[in-house]
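First up is the structure itself, then whatever we jot down about it.
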Amino acid sequence: MAYSSSNRESWYTRIDVIAAIGGLAMALAMFPLRFVASQVYVKTIPIVLGVACGLYLLAVRADRRRGTGTSTRKRRGLPTLPSGLTMALPSVVLLGLAAMILLTAVQGTRTPLFFGLSSVVATLVLGQIVFADDRDFHGGLLLFQVVCFAFVFRFTALYATPGLIGIDAWTHVTELAESIYASESVSGISDDKHYASPFYHLLVVAAALLYEVSLVEALYLSLGLVMPLSILLVYATTNLLVPQRWAVLATGLYAVASYVSHWGMHIIPTSMGLVFFLGVVYALLRVMRIEYATRDFVLLVLLTVAVILTHQVSTFIMLVVLAAAFLAQLVFVLGPLEMGYSQLEASVFRAQKPVNLVGLVVFDVGLTIFMWSLTPFREESFLATVLSWLQETLVDSAGFLNLAGPSEGGGEEAEAASAGPTLLEQVVQYVDVLGFLVLLGAMFVGCLYVVRRKRAEQSVVTLLFAAAIMLVFVLGLPMFGVRNFIPTRWFAFLYVPMVIFAVVGLRHLATTIDARVVFACLLVVILVYPGAMIFAAESNADNPVFPSQHERLAYDEDELAAVSTVGEMTGQPRSDEIRPEQVLYTDHPYQTVIKRTHSHPADTATVADGEPVDHEVTLHRSTDAGATFYRDANGFGQPRDVPETRLCRPTQATVYSNGDVSLCVASPATG
């Protein structure tokens with residue numbers, strides 16, 4: 001980029017250029033790790049980082065050649081859709097959504113055909129957002145299509161599933177919310193860690209009383225409706241930074257993200273925490289971007305308190321974002337970005353002076369420590385327990401490239417490990433992360449764009465620090481064997497700064513580099529991203545697209561009937577009321593619903609090759625809709641297709657069977 005001699009900043013001394021070159025060097029340095037570890041992120045992130053940094057340097061070079069000083073912020077030579085097609089596509093999308101509903105109703109579940117159709121519909125929506133001509137662009141209509149897609153994609157899963165989707169939902173609804181409903185007081189869960197964060201359970205109970213429906217239906221009619229609508233907070237947040245077209249694109253990218261869809265179907269306190277988190281991010285950026293009034297800051301405080309009273313992991317993630325905001329404040333007050341705000345590019349960001357957030361951070365950290373100290377968990381406080389777990393992990397398990405999974409195996413397990421993953425396993429592995437990698441590459445470009453001094457201001461630096469810290473918890477710490485922070489719960493929260501920076505990066509590329517390169521990048525986002533996210537395991541937990549690799553976290557009528565019948569037959573005993581040999585053994589995840597509904601104490605059966613199954617009480621279910629996991633000889637869970645005769649042996653008596661599920665116990669006749 002060309003500047004006059006009076007401009008202090010030369011292109012080769014700019015922070016963004018130095019960061020891009022450093023990113024290229026880091027990508028090259030990390031590339032050999034692929035020969036040391038087989039983890040998918042180790043193999044792919046160096047490539048994504050290198051491509052993103054290369055594209056950004058290409059944009060810098062293009063700007064310098066034009067010598068415009070600053071970008072005109074207009075898209076350069078990109079093709080646009082004909083007006084007639086732009087007018088027709090909303091109707092096509094609505095017909096596609098109707099077909100998604102009809103397909104689910106006819107087939108009784110969401111099948112691969114449904115997910116393929118969903119990918120096409122999502123691509124049509126994103127295509128309109130990106131390629132509609134300025135005179136044909138209608139943000140409200142496109143937002144309506146995005147929200148409708150979010151509703152249909154999630155509620156078809158809820159409609160087709162007789163019970164609840166997921167594992168934890170059974171505990172929260174059938175145990176904790178039921179206890180509050182029965183006791184008419186929060187004291188019904190006084191011995192549980194959610195006693196200090198009961199907002200989710202209180203909402204479900206209140207909805208059940210208000211609508212006079214079951215707790216499951218109340219969940220869907222309350223938080224289930226809020227989840228698709230909450231994506232509008234992403235639009236409101238992004239629109240504080242970029243024009244409407246790109247804010248709508250960020251909303252569309254967020255709406256189809258795998259973990260975002262997952263928490264809209266597996267509706268637990270994480271889901272509610274995500275909604276409040278979106279509100280916190282919007283309120284936080286709002287007070288940084290406008291001349292805010294007292295009510296704006298009060299709203300921010302109330303939303304942070306709501307997160308603390310909803311979910312512990314969501315609270316920790318929120319504190320990370322607040323810490324990032326505090327760090328951004330320090331950078332502008334004391335650090336290298338401390339400068340006159342007259343130097344900022346007015347066409348890019350309309351910055352206000354840094355907002356003092358010390359009081360908010362201290363208040364929320366103090367309240368969190370206080371609440372966690374009072375929260376019961378494993379016979380101690382929640383705070384003491386998690387600190388103890390973290391200490392044990394750092395002492396016993398932490399180490400570079402100490403990735404998930406067994407490190408050693410014996411016999412057939414060791415031979416299987418040395419043989420490496422099958423082709424299908426490799427394909428599934430990359431499908432599950434492809435959408436994340438596309439978003440990550442676009443995010444890297446956006447991050448490089450905002451680190452330049454003339455573009456940096458508190459709101460975007462806050463998001464930058466937040467994304468960096470969250471990536472450390474999601475991808476960095478697990479590489480060292482530290483998984484105490486439950487990294488899979490972070491992705492939906494991480495996607496908020498990711499989609500914002502992604503559209504910032506795509507917008508920058510669209511206004512600088514050659515239109516053919518930009519067109520190729522946008523096609524990847526439009527054609528690859530939706531399908532990758534929709535076919536990822538988290539988006540289809542109710543009926544996996546790759547059933548041999550992923551468990552089905554939903555159950556049919558016969559499977560739920562068996563759970564209820566087992567409880568009736570055994571009297572729903574507690575673990576301390578039965579002998580160890582009376583524990584029921586079955587596959588994972590089926591054992592979780594039996595245990596969490598208090599039907600009977602249950603665990604995952606051990607089925608080792610060449611060895612007999614020696615459990616006295618076993619339950620077998622016939623399913624081809626998802627992988628069933630059993631423990632091997634070393635105690636590790638493996639996807640296995642175990643026949644009924646292997647689990648329910650001739651020496652046992654079948655005391656219950658409904659065709660799909662059989663309960664077997666040790667026969668007195670055989671001893």
Side-chain angles (χ1 to χ4, degrees), residues 9 14-16 18-19 233 236-242 276-308 314-346 348-369 443 446-473 490 493-494 496-498 500-501 504:
E9 187 184 35
R14 284 166 35 181
I15 296 178
D16 56 333
I18 295 173
L233 288 169
T237 303
T238 312
N239 202 207
L240 293 170
L241 302 172
V242 295
F276 285 132
F277 176 82
L278 293 174
V280 167
V281 174
Y282 167 71
L284 184 62
L285 264 65
R286 180 178 170 84
V287 300
M288 294 178 181
R289 300 286 296 162
I290 67 171
E291 292 290 349
Y292 65 91
T294 302
R295 66 176 180 272
D296 298 310
F297 205 87
V298 170
L299 174 63
L300 174 59
V301 174
L302 291 177
L303 286 170
T304 61
V305 173
V307 175
I308 294 171
S314 304
T315 299
F316 189 82
I317 299 173
M318 179 198 70
L319 293 179
V320 165
V321 173
L322 293 181
F326 176 65
L327 288 176
Q329 177 188 339
L330 293 180
V331 165
F332 278 92
V333 174
L334 304 173
L337 295 181
E338 188 273 322
M339 63 182 185
Y341 278 83
S342 61
Q343 297 185 42
L344 287 164
E345 288 185 6
V348 180
F349 297 121
R350 305 177 302 278
Q352 305 295 327
K353 292 183 178 180
V355 178
N356 189 344
L357 298 169
V358 176
L360 177 64
V361 173
V362 171
F363 170 76
D364 283 325
V365 170
L367 179 60
T368 300
I369 293 175
M443 185 202 77
C447 290
L448 290 170
Y449 176 79
V450 302
V451 297
R452 187 183 174 191
R453 285 189 179 92
K454 284 182 172 291
R455 297 166 185 152
E457 54 100 20
Q458 190 182 14
S459 62
V460 291
V461 174
T462 293
L463 291 176
L464 180 65
F465 286 167
I469 298 171
M470 292 167 77
L471 281 172
V472 169
F473 280 96
W490 289 61
F493 300 82
L494 173 61
V496 179
M498 285 186 72
I500 293 175
F501 282 125
V504 169

Output the distance between atom CG (Leu319) and atom OG1 (Thr368), rounded to the nearest 0.5 Å.
-> 4.5 Å

Would you check, one step at a time, whether the test side chain to side chain contact (heavy atoms under 4.5 Å, CB included) holds for Val321 with Phe277?
-> CA-CA 10 Å; Val321 173; Phe277 176 82; 3.6 Å; yes

Compare all side-chain heavy atoms of Leu241 with those of Leu285 and state whether any distance is below 4.5 angstrom.
-> yes

May I ask you to test the Tyr282-Leu303 pair for a side-chain heavy-atom distance under 4.5 Å?
-> no

Test ring-ring contact (aromatic ring centres under 6.0 Å, His included) applied to Phe326 - qualifying residues, sequence neighbours left out = none

Between Tyr449 and Val504, the two heavy atoms sitting closest are CD2-CG1, 3.4 Å

What distance do Leu494 atom CG and Leu471 atom CG have between them, rounded to the nearest 0.5 Å?
-> 5.0 Å

Sequence neighbours left out, what passes side-chain hydrogen bond (donor to acceptor under 3.5 Å, both in side chains) with Thr237? Give chain and number order.
-> none

Note, Gln458 side chain near Arg289 side chain (heavy atom, < 4.5 Å) | no

Spell out, as yes or no, whether a donor-acceptor pair under 3.5 Å connects the side chain of Gln329 to the backbone of Leu357.
-> yes

For Ala466 against Ala324, the heavy-atom pair lying closest together | N-CB, 3.4 Å

Residues that Phe276 engages under ring-ring contact (aromatic ring centres under 6.0 Å, His included), provided they are two or more places apart = none

Which pair of heavy atoms, one from Ala325 and one from Met288, lies closest together, and at what distance?
-> CB-CE, 3.8 Å

Does any non-hydrogen side-chain atom of Met443 lie less than 4.5 Å from one of Cys447?
-> yes

If we only count heavy atoms from C-beta on, is the Val331 to Phe465 side-chain gap below 4.5 Å?
-> yes

Applying side-chain hydrogen bond (donor to acceptor under 3.5 Å, both in side chains), which residue pairs with at least one partner in residues 315-324 are found, sequence neighbours left out?
-> none

Rounded to the nearest 0.5 Å, what's the gap from CG on Leu448 to CG on Asp16? Could you check?
-> 7.0 Å

Nearest-0.5 Å distance, OG of residue Ser459 to CG of residue Leu284 | 9.0 Å

If you look at every heavy atom in Leu327 and Ile469, which pair is closest and at what distance?
-> CD1-CD1, 4.4 Å

Listed by chain and number, what are the side chain to side chain contact (heavy atoms under 4.5 Å, CB included) partners of Leu233, not counting sequence neighbours?
-> Leu278

With sequence neighbours excluded, what pairs up with Val472 under the side chain to side chain contact (heavy atoms under 4.5 Å, CB included) test?
-> Leu477

The ring-ring contact (aromatic ring centres under 6.0 Å, His included) partners of Phe501 (sequence neighbours excluded) come to none

Aromatic ring pairing Trp490/Phe473, orientation class (parallel under 30°, perpendicular over 60°, tilted between) | parallel

Identify, with sequence neighbours excluded, every residue that meets side-chain hydrogen bond (donor to acceptor under 3.5 Å, both in side chains) alongside Thr462.
-> none

Which pairs with one or both residues in residues 320-330 pass salt bridge (charged side-chain N to carboxylate O under 4.0 Å, His left out), sequence neighbours excluded?
-> none

For residues 292-304, pull every pair meeting salt bridge (charged side-chain N to carboxylate O under 4.0 Å, His left out), keeping only residues two or more places apart or in separate chains.
-> Arg286-Asp296

Side chains of Leu300 and Val280: closer than 4.5 Å at any heavy-atom pair?
-> yes

Please name all residues satisfying side chain to side chain contact (heavy atoms under 4.5 Å, CB included) with Val362, sequence neighbours left out, ordered by chain then number.
-> Val358

With Thr238 via side chain to side chain contact (heavy atoms under 4.5 Å, CB included) - residues at least two apart | Val234, Val242, Ala247, Ala250, Ile500, Val503

